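Per chain, numbering begins at 1; letters A, B, ... match sequence-line order. Quick caveat: nothing in here was measured; it's all calculated off a predicted structure.
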Amino acid sequence: MRVSQFFLSTHKETPAEAEIVSHRLMLRAGLIRQLARGIYTWMPLGLRVLRKVERIVREEMNASGAIEIAMPAVQPAELWQESGRWDEFGPELLRLKDRHQRDFCIGPTHEEVVSDIVRQEVRSYRQLPLNLYQIQTKFRDEIRPRFGVMRAREFVMKDAYSFHADVESLERTYRAMVECYARIFTRLGLKFRAVAADTGAIGGTGSHEFHVLADSGEDAIAYCPDSDYAANVELAEALPPPGPRGNAAAALTRVATPGVKTIAELCAFLAIPAERTVKAVVLDGADGRPVLLMLRGDHELNLAKVAKLEQVKRPLAFAAGETIRARFGAGPGSLGPVNFKGVVIADRTVAAMSDFVVGANVDDHHLTGVNIGRDFPEPVAADIRNVVAGDASPDGKGRLDILRGIEVGHVFQLRNKYSRALNLSFLDETGKSRLMEMGCYGIGVTRIVAAAIEQNHDERGIIFPRAMAPFELALVPIGAAKNPQVRATAEALYRDLAAAGIDVLLDDRDERPGVALADMELIGIPHRIVVGERGLKTGQVEYQGRRESKPQLFSLHDAVKSVESMVCAD
RNA sequence: CGGGGUGUAGCGCAGCCUGGUAGCGCACUGCGUUCGGGACGCAGGUGUCGGAGGUUCAAAUCCUCUCACCCCGACCA
């Protein structure tokens with residue numbers, strides 16, 4: 001491709017709203033352009049990237065025995081009413097009416113449609129298992145789209161749905177999909193991790209998320225460097241500390257702590273580490289009365305874990321200020337378990353602490369030397385915090401570390417949540433009608449592009465992994481306008497490289513060198529050849545990898561071969 | 001939905017407080033010089049000042065309503 005015949009639209013300046021680096025670079029490089037909030041046009045350059053990702057996903061899905069299908073974006077309300085999700089899905093489901101005032105929606109996911117197809121077509125265990133997938137535009141009317149295509153309302157997803165006669169078959173396909181995903185992200189050249197995930201509202205037995213690792217990622221992943229343990233922090237279990245609780249040594253003492261509201265202020269005021277403090281969080285209880293949760297000062301509450309406690313009200317609600325004052329006699333910042341008559345749930349770490357500091361239930365006062373059993377009744381002990389780096393790995397094989405990641409894939413064993421709702425039955429070997437087992441497997445195709453940039457960039461722009469780069473090689477003649485030999489050499493090289501099957505972009509714009517080089521770097525082309533007067537004097541061209549800081553010289557004679565070896569080694 | 005913010009040229013912004021002929025930089029067009037790391041000179045085009053209503057002799061500026069977008073909270077690929 002020649003730049004003069006392409007539609008390159010790079011920008012020096014970025015729209016003010018772009019917050020994260022991938023969004024800024026995607027706009028600056030002209031990969032995408034916003035049409036409305038969370039809705040983007042994929043410009044020609046961006047589309048090339050998207051198509052390369054799609055191709056790899058498609059090839060690996062096909063190789064894993066999945067069959068491609070294309071389902072409609074617009075779906076009738078009846079199917080969604082049948083599954084119950086017309087009401088359950090809420091405002092995220094974009095609804096519309098046709099000219100006859102019939103209700104439709106734009107598909108945010110396709111369990112209903114694919115189930116409808118399968119229940120009509122599949123009658124016998126002999127037709128199972130079946131794994132159908134599509135790569136298609138979805139619409140979810142997100143409350144708050146942000147970060148460009150990272151969290152868009154309209155986005156491209158690869159969604160697959162598998163159907164099985166029994167759980168063993170489901171588990172086989174599930175494993176095949178996990179392996180398929182690992183191959184996809186490996187081929188895309190991304191650093192990633194598969195982690196055990198919370199099955200959340202869907203339930204079921206197994207679920208894994210695939211995260212592209214990036215410091216800016218929204219999700220925290222706990223993993224054990226000494227084993228293969230990896231889980232979303234939401235799910236990772238914080239084990240009880242080893243050994244028995246320490247003996248009470250200090251006397252219970254009330255100290256005035258004027259103006260102290262946060263743990264940081266408390267630590268500064270008393271000159272103690274956060275590990276010796278306990279913070280109190282009050283939620284509405286299942287019986288309507290507040291429940292006191294106790295956490296070590298430096299730990300974070302894990303709402304997913306708390307939501308599983310029987311003592312709390314669902315959906316979770318932090319207790320209102322008036323409720324707290326009425327029950328504790330003090331405001332948030334001064335709360336504690338001593339003299340509190342109600343349910344107290346202590347994190348396992350807190351349950352093993354002694355001589356700690358906690359709010360006194362008197363405004364602007366704390367208690368020091370607090371001990372469980374002596375100063376207040378033994379609380380319910382539960383795992384209610386996020387794990388932190390250094391915690392023992394739940395598999396007992398070492399200590400946890402925390403990484404940040406961007407969720408780009410999610411696989412679920414749905415079991416028969418939908419097969420029951422939509423009556424997906426088949427006849428087994430004995431002629432008995434049974435419900436199918438189902439799995440579903442998603443990949444955020446558009447999100448992958450943003451995640452890849454988030455993981456691979458520098459101050460000059462994007463550094464695409466080869467597999468998803470819009471072009472493999474940039475060919476930049478310098479001074480072609482005044483030196484016909486430079487132009488002729490570049491043109492000849494362009495033909496030869498293209499003939500050798502290299503996806504090359506020739507910058508034939510006669511731009512100044514700085515502009516041309518900066519553009520090629522911004523759009524993230526992984527390899528570059530510069531043809532200039534300087535090199536031609538000695539029959540050479542300059543090669544430079546996008547991550548390298550210095551060029552190397554290739555002899556013009558075997559430039560194509562040299563380039564091939566660099567590109568293929570990538 | 002609640003809280004905060006911004007809407008002025010394709011992009012980034014000033015002007016608004018204190019009403020009086022709509023500006024700057026980048027980008028764009030033409031000519032010339034330059035050109036191995038985002039050049040320079042000269043000339044030029046570009047605006048429903050988000051929209052509607054109001055106050056006023058006069059509104060980008062003040063008031064009311066409205067729309068869009070951005071940021072902070074519950075969702076998710």
Indicate yes or no: does [X] engage [Y] in a salt bridge with an N to O separation below 4.0 Å.
{"X": "Glu88(A)", "Y": "Arg85(A)", "answer": "no"}
{"X": "Arg404(A)", "Y": "Asp219(A)", "answer": "no"}
{"X": "Glu59(A)", "Y": "Arg187(A)", "answer": "yes"}
{"X": "Arg487(A)", "Y": "Asp510(A)", "answer": "yes"}

Given [options], identify the nucleotide with an atom nearest to the side chain of [X].
{"X": "Ala481(A)", "options": "rA77(B), rC72(B), rC35(B)", "result": "rC35(B)"}
{"X": "Asp219(A)", "options": "rG37(B), rG36(B), rC76(B)", "result": "rC76(B)"}
{"X": "Met157(A)", "options": "rA77(B), rG36(B), rG73(B)", "result": "rA77(B)"}
{"X": "Ile478(A)", "options": "rG36(B), rC69(B), rC72(B)", "result": "rG36(B)"}

Using the six-membered ring wherever Trp is involved, compare the ring planes of [X] and [Y] and label them parallel, tilted or perpendicular (cut-offs 30° and 60°).
{"X": "His410(A)", "Y": "Phe412(A)", "value": "parallel"}
{"X": "His23(A)", "Y": "Tyr40(A)", "value": "perpendicular"}
{"X": "Tyr174(A)", "Y": "His208(A)", "value": "tilted"}

Should we say atom [atom1] of [X] is surrounded by more than 12 heavy atoms from elsewhere, each under 6.0 Å from it?
{"X": "Lys550(A)", "atom1": "NZ", "answer": "no"}
{"X": "Gln81(A)", "atom1": "CD", "answer": "yes"}
{"X": "Glu310(A)", "atom1": "CD", "answer": "no"}

[X] side-chain N/O to [Y] backbone N/O, donor-acceptor pair under 3.5 Å:
{"X": "Lys279(A)", "Y": "Leu335(A)", "value": "no"}
{"X": "Glu407(A)", "Y": "Glu209(A)", "value": "no"}
{"X": "Arg95(A)", "Y": "Trp86(A)", "value": "yes"}

Any non-hydrogen side-chain atom of Arg509(A) less than 4.5 Å from a side-chain atom of Asp519(A)?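 SC-SC contact between Arg509(A) and Asp519(A) confirmed.
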
Is any side-chain heavy atom of Met1(A) closer than 4.5 Å to a side-chain heavy atom of Val504(A)?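 The answer is no; the side chains never approach within 4.5 Å.
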
When both hydrogen-bonding distances must be under 3.5 Å and the geometry is Watson-Crick or G-U wobble, what is [N] paired with, if anything?
{"N": "rC31(B)", "result": "rG41(B)"}
{"N": "rU6(B)", "result": "rA68(B)"}
{"N": "rC1(B)", "result": "rG73(B)"}

Answer with base, sugar-phosphate or nothing: what part of the nucleic acid does Ala451(A) contact at a heavy-atom distance below 4.0 Å?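 If one applies the 4.0 Å heavy-atom cut-off, Ala451(A) turns out to touch nothing in the nucleic acid.
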
Heavy atoms under 4.0 Å, any strand shown: does Gly479(A) hit a base, just sugar-phosphate, or nothing?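 No contact.
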
Separation of atom [atom1] in [X] from atom [atom2] in [N], rounded to whole Å:
{"X": "Leu8(A)", "N": "rA27(B)", "atom1": "CG", "atom2": "P", "result": "15 Å"}
{"X": "Asp519(A)", "N": "rA27(B)", "atom1": "CG", "atom2": "C1'", "result": "13 Å"}
{"X": "Glu142(A)", "N": "rC70(B)", "atom1": "CD", "atom2": "P", "result": "13 Å"}
{"X": "Arg512(A)", "N": "rG36(B)", "atom1": "CZ", "atom2": "P", "result": "8 Å"}
{"X": "Leu522(A)", "N": "rA27(B)", "atom1": "CG", "atom2": "P", "result": "15 Å"}
{"X": "Asn483(A)", "N": "rG36(B)", "atom1": "CG", "atom2": "C1'", "result": "12 Å"}
{"X": "Met177(A)", "N": "rA77(B)", "atom1": "CE", "atom2": "C1'", "result": "16 Å"}
{"X": "Gln34(A)", "N": "rG10(B)", "atom1": "CD", "atom2": "P", "result": "16 Å"}

Is it the case that the base of [N] and the side chain of [X] share a donor-acceptor contact (distance under 3.5 Å, atom types as modelled)?
{"X": "Glu511(A)", "N": "rG37(B)", "value": "no"}
{"X": "Arg28(A)", "N": "rG38(B)", "value": "yes"}
{"X": "Arg447(A)", "N": "rC76(B)", "value": "yes"}
{"X": "Arg151(A)", "N": "rC75(B)", "value": "yes"}

Distance below 4.0 Å between Arg37(A) side-chain N/O and rC70(B) OP1 or OP2: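 The answer is yes; a side-chain N or O of Arg37(A) sits under 4.0 Å from OP1 or OP2.
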
If only side-chain N and O atoms of Arg534(A) are considered, is one of them under 4.0 Å from the OP1 or OP2 phosphate oxygen of rC35(B)?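 Looking at the OP1 and OP2 atoms of rC35(B), neither is under 4.0 Å from any side-chain N or O of Arg534(A).
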
Mapping Thr10(A) and Arg140(A) to their closest nucleotides on RNA chain B, which lands nearer the 5' end?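 In this pair, the answer is Thr10(A).
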
Review item, nucleotides 11-15 of chain B N/O atoms under 3.5 Å of protein N/O:
{"from": "rC11(B)", "atom 1": "O2", "to": "Glu13(A)", "atom 2": "OE1", "distance (Å)": "3.2"}
{"from": "rG12(B)", "atom 1": "OP1", "to": "Ala16(A)", "atom 2": "N", "distance (Å)": "2.9"}

For Tyr181(A) against Gly409(A), the heavy-atom pair lying closest together: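 Closest pair (atom of Tyr181(A), atom of Gly409(A), distance): CE2-CA, 4.3 Å.
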
If you look at every heavy atom in Val531(A) and Leu493(A), which pair is closest and at what distance?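 Closest pair (atom of Val531(A), atom of Leu493(A), distance): CG2-CD2, 4.1 Å.
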
Of the residues in residues 43-53 of chain A, which ones touch RNA chain B at a heavy-atom distance under 4.0 Å?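 The answer is none.
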
Does any residue of residues 535-555 of chain A have a heavy atom under 4.0 Å from RNA chain B, and if so, which ones, in number order?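 Correct list: Gly535(A), Glu542(A).
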
Tabulate protein N/O versus nucleotide N/O from nucleotides 1-9 of chain B, keeping only pairs under 3.5 Å, one per line.
none

My understanding is that only residues two or more places apart in sequence, or in another chain, count here; which of them pass salt bridge (Lys or Arg N to Asp or Glu O under 4.0 Å) with Arg2(A)?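 For Arg2(A), the residues satisfying salt bridge (Lys or Arg N to Asp or Glu O under 4.0 Å) (neighbours in sequence not counted) are Glu491(A), Asp508(A).
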
Expected rows: protein N/O vs nucleotides 46-52 of chain B N/O, under 3.5 Å:
none

